[in-house]
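Let me begin by presenting the structure, written as structure tokens, before commenting on it.
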Amino acid sequence: MRNRLREFRTRSGWTQEDVGRRVGVSRQTIISLESGRYQPSLGLAFRLARAFGLSIEDLFLPEEEELR
């Protein structure tokens, strides 16, 4: 699953630390999410989307193969 976390974070003018604080995770977790090394739990995905005022579908994009 791809995500647009870095895109929305930079648009908001937030650092990785800022996002982590807002959703209750470490900066390292945000780094791992942005690089695609880590997939968030459903709860974290909701918290991230809510922090940016988005739906989960706007922030997280399934890979084409996952849709088949």
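Just so it is clear, the structure is predicted and the values come from calculations on it, not from any experiment. Positions are given from 1 along the sequence.
- Contact check for Leu33 versus Val19: no side-chain heavy atoms found under the 4.5 Å cut-off.
- Side-chain contact check for Leu44 versus Tyr38: some heavy-atom pair is nearer than 4.5 Å.
- Arg9 is not listed as a side-chain neighbour of Asp18, based on a closest heavy-atom distance of 4.5 Å or more.
- In terms of the side chain to side chain contact (heavy atoms under 4.5 Å, CB included) criterion, residue partners of Gln28 (sequence neighbours excluded) are, by chain and number, Ser26.
- Here CD of Glu7 is found 10.5 Å from CG of Asp58. Values are rounded to the nearest 0.5 Å.
- Residues meeting the side chain to side chain contact (heavy atoms under 4.5 Å, CB included) test with Arg50, sequence neighbours left out: Phe46, Arg47.
- A ring-centre distance under 6.0 Å is not found for Phe8 and Trp14.
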Practice prompt. Tell me, with the steps shown, if Ile30 and Thr15 meet side-chain contact (heavy atoms from CB on, under 4.5 Å).
Written response: CA-CA 10 Å; Ile30 302 302; Thr15 65; over 6 Å; no
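- Remark: Arg4 CZ to Phe60 CZ distance equals 11.5 Å, nearest 0.5 Å.
- With Asn3 contributing its side chain and Leu61 its backbone, the two residues share no donor-acceptor pair below 3.5 Å.
- The two residues Met1 and Pro40 make their nearest non-hydrogen contact at CE-CD, 4.4 Å.
- One finds the CG atom of Leu5 at 8.5 Å from the CD atom of Gln16 (value rounded to the nearest 0.5 Å).
- Across Ile56 and Ala49, no two heavy atoms sit closer than the pair N-CB, 3.8 Å.
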Discussion item. Walk me through whether Glu17 and Arg27 qualify under salt bridge (charged side-chain N to carboxylate O under 4.0 Å, His left out).
Written reply: CA-CA 5 Å; Glu17 184 75 28; Arg27 178 178 151 271; 5.0 Å; no
